[in-house]
Amino acid sequence: MIDYVNLLNEEQREAVTATPGPILVVAGAGSGKTRALTYRVAYLLDNGVEPSRIVLATFTNKAARQMLERVGQLIPHGTEAIWGGTFHHLAHRLLRRHAALAGYDPSFTILDRADSAELLSECYEEMKLSRSEVHFPRREGALEIFGLATNRETPLDKLIAEDFPHFAEQTERLVELARLYRKRKQKASAVDYDDLLSEAVRLLRDQNSIREEYQDHFHHILVDEYQDTSRLQAEFIHLLAAGHRQIMAVGDDAQSIYSWRGADIRNMLAFPERYPECRVLYLRANYRSTPEILSLANAAIAANRFQFPKELAPVRNSHRLKPAVVSCPTANVQASFVASQIQTLRREGVSWEEIAILYRAHFHALEVQLELTRAGIPFEITSGLRFFEQAHLKDVAAFLRLATNPRDSVAFSRVVRMFPGVGEKTANRLWEEFSRKGDLSAVSPPKSCTASWNQWISLQREIASPELRQLPAAQIEKVIDGFYREQVESQHADAAHRLEDLSQLVSFAAEFPDTDSLLTQLTLLTNTDRSNSREGVHLSTIHQAKGLEWRTVFVIMLADGLFPSSRSTESLMGEEEERRLFYVATTRAQDHLFLVYPRYRASHYGENSLRPSRFLAEIPRELYSDVRPSRIG
DNA sequence: TTGCGACCGCTTTTT
DNA sequence: GCGGTCGCAA
């Protein structure tokens, strides 16, 4: 039995041991939100709830895995039967299980962002839209608009009118584009990320017996980061929870920072209206930061109107060291200030890994990166290409996709374009021929690639066999040995490196029972969380730093127009979200917090002379100390 | 189809 | 200032 009295504070204990009914837990930064959730799951299991009756929905794979691991450490039960995972994973599970009823082939493909863009390109072509058409969004922009419409459950034309008035004249063509895109996905037996959710929701809404089955089955639904759910995600959760109404939503409205991709803070604010019998519990004790840092953070968020007002109380003792606001003449001085402070801290015993530099946008880190390199300070940046999104990994995956889903036109096109002399046009012709005849060997390839073409066909046939579809690692080896090694060696100077990545893929694939589940993971597990594994000072956008903490935090580029970004401050809601972002940044710090800004920055567009961020001006003067770096860079 | 010069645009990003 | 994309020519 877990010692709830000694391991949890009173507020946490109240949440963990709450009696039946919907519960909203408003959990401040550093208040042990994850702890409360994991103990809640353990508590339920401890009290005889069957694991399979519990849903634990999170935003990231990392959060799901961490929580389930910790639950497993708390109690002897196995946690495998818990329905734990990201919203997309849960939705995918339903959709795959009831694919036929939802109108899909059970081997449907999941398109990642790049695949979606690829398919959308074909729609632009079909509509004879030049991709650089004036006053018309390009692929990424269109996908963003479509995604928002889905996540907000708003008709496209209404969304455009309200939020993209500059595209109002294009409404008809955008609606047509969305229709073609939908049609192509259907034809390819493919879904994109948003479809996973919206189709699962549609399934639950339309199929009464299935909905009732799940509503009856799931006794407890727990949701993490509820403040960042979209309307669609909240709907999905609601459909699962509506039976027993045992939903525990945990979140911090003050940390809602993803509205631009559909997160709707109103889900949280209106939770008590949706579940009138609900209880609202607060976790207000902050274990992370010094009282000085916390006072500043509390003051920073106070200006927001749309929130559950709450004041975080420090558990830690005073450090007698106030956060520093650092005014620098230029971005270069800012960079050298940060570098020299880091070296000072290092001498005082703070290790590189305990330090983070946070910023609003990646390009804000430019000068700092140069300076850290120059100063010989090791650092690590969270950004860049994700492992599974690299071209060679997607290439190999395309062979496997085609083996399980022969209707996957995106995969087909990716494979055939590897042949010499095959580009977009020929790929389309080959696809047309293949889908008409239904047999690869009946397709006539261009002369330029007859040599390897037959080799590919037999390879493709081999890996599509039922036996090999249970052995994804062997499939990949066959693809490499029978085709791709030659391809990569003739095309790329860094072939050795790529082949090494591919052998990693082989060992990764060995863990999976079949091709479908491997491919699903490849697309739904795109973010590899290497964040804590490497060495050095951590450089990160504030968005990516959510949920993390460091002993020392520098927030840089705190100048109006950069942070808050000028594009966000046109609306009140936009400005409030920027302020929440600032709040997230300050609450990452445990011991030291530096708020730094340059008064001038050389750039090739926009203003060069900068004013300190309005968020700094909102903080009472006595809560921080002013610092002017002496060294001129 | 491919390669090259011109041209645009430039916040945040998980799944 | 730079990287990605487009259009055009070979």
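Computation of the quantities below employed the complete heavy-atom set of this structure, encompassing side-chain atoms and omitting hydrogens, waters and symmetry-equivalent molecules. Protein chains get the first letters and strands the later ones, always in sequence-line order, with residue 1 at the start of each.
Comparing C:dG3 with B:dT12, their P atoms are spaced 16 Å from each other, to the whole Å.
One atom, CZ of A:Arg138, and another, C1' of B:dC10, lie 12 Å apart when rounded to the nearest Å. Between the P atom of B:dT13 and the CG atom of A:Asn61 lies a distance of 17 Å, rounded to the nearest Å. Computed from coordinates, the A:Arg261 CZ to B:dT12 P distance equals 13 Å when rounded to whole Å. The OH-C1' distance, from A:Tyr583 to B:dT12, rounds to 20 Å in whole Å. Atom CD of A:Glu225 and atom P of B:dT15 are 12 Å apart (whole Å). For A:Leu366 and B:dC10, the CG to P distance is 18 Å, given to the nearest whole Å. B:dT15 atom P lies 12 Å from atom CG of A:Leu197, rounded to whole Å. To the nearest angstrom, P of B:dC10 lies 16 Å from CG of A:Leu562.
In this structure, A:Phe363 does not pack face-to-face on the six-membered ring of B:dC10, missing the 5.5 Å centre cutoff or the 30° plane limit.
Comparing atom distances between the A:Arg360 side chain and each of C:dT5, B:dT12, B:dT15 picks out B:dT12 as nearest. Comparing atom distances between the A:Ala361 side chain and each of C:dT5, B:dT12, B:dT15 picks out B:dT12 as nearest. The A:His362 side chain lies nearest to B:dT12 when the options are B:dT15, B:dT12, B:dT1.
Counting only distance, with no hydrogens or angles, the side chain of A:Thr150 and the backbone of A:Phe146 share a donor-acceptor pair below 3.5 Å. A donor-acceptor contact shorter than 3.5 Å links the side chain of A:Gln227 to the backbone of A:Asp252. With A:Arg231 contributing its side chain and A:Glu153 its backbone, the two residues share no donor-acceptor pair below 3.5 Å.
Both A:Lys425 and A:His543 lie near DNA chain B, and the one whose nearest nucleotide falls closer to the 5' end is A:Lys425. Nearest-nucleotide mapping onto DNA chain B: of A:Glu577 and A:Gly421, the residue sitting toward the 5' end is A:Gly421.
Put simply, the residue from A:Lys185, A:Arg113, A:Arg184 that forms a salt bridge (charged side-chain N to carboxylate O under 4.0 Å, His left out) with A:Asp192 is A:Lys185.
The six-membered or imidazole ring of A:Phe483 lies near that of A:Phe419, with a centre-to-centre distance under 6.0 Å.
Contact between the side-chain N/O atoms of A:Thr426 and the OP1/OP2 oxygens of B:dT1 is found at a separation under 4.0 Å. For B:dT12, neither phosphate oxygen OP1 nor OP2 lies less than 4.0 angstrom from any side-chain nitrogen or oxygen of A:Ser565. Distances shorter than 4.0 Å separate some side-chain N or O of A:Gln544 from OP1 or OP2 on B:dT13.
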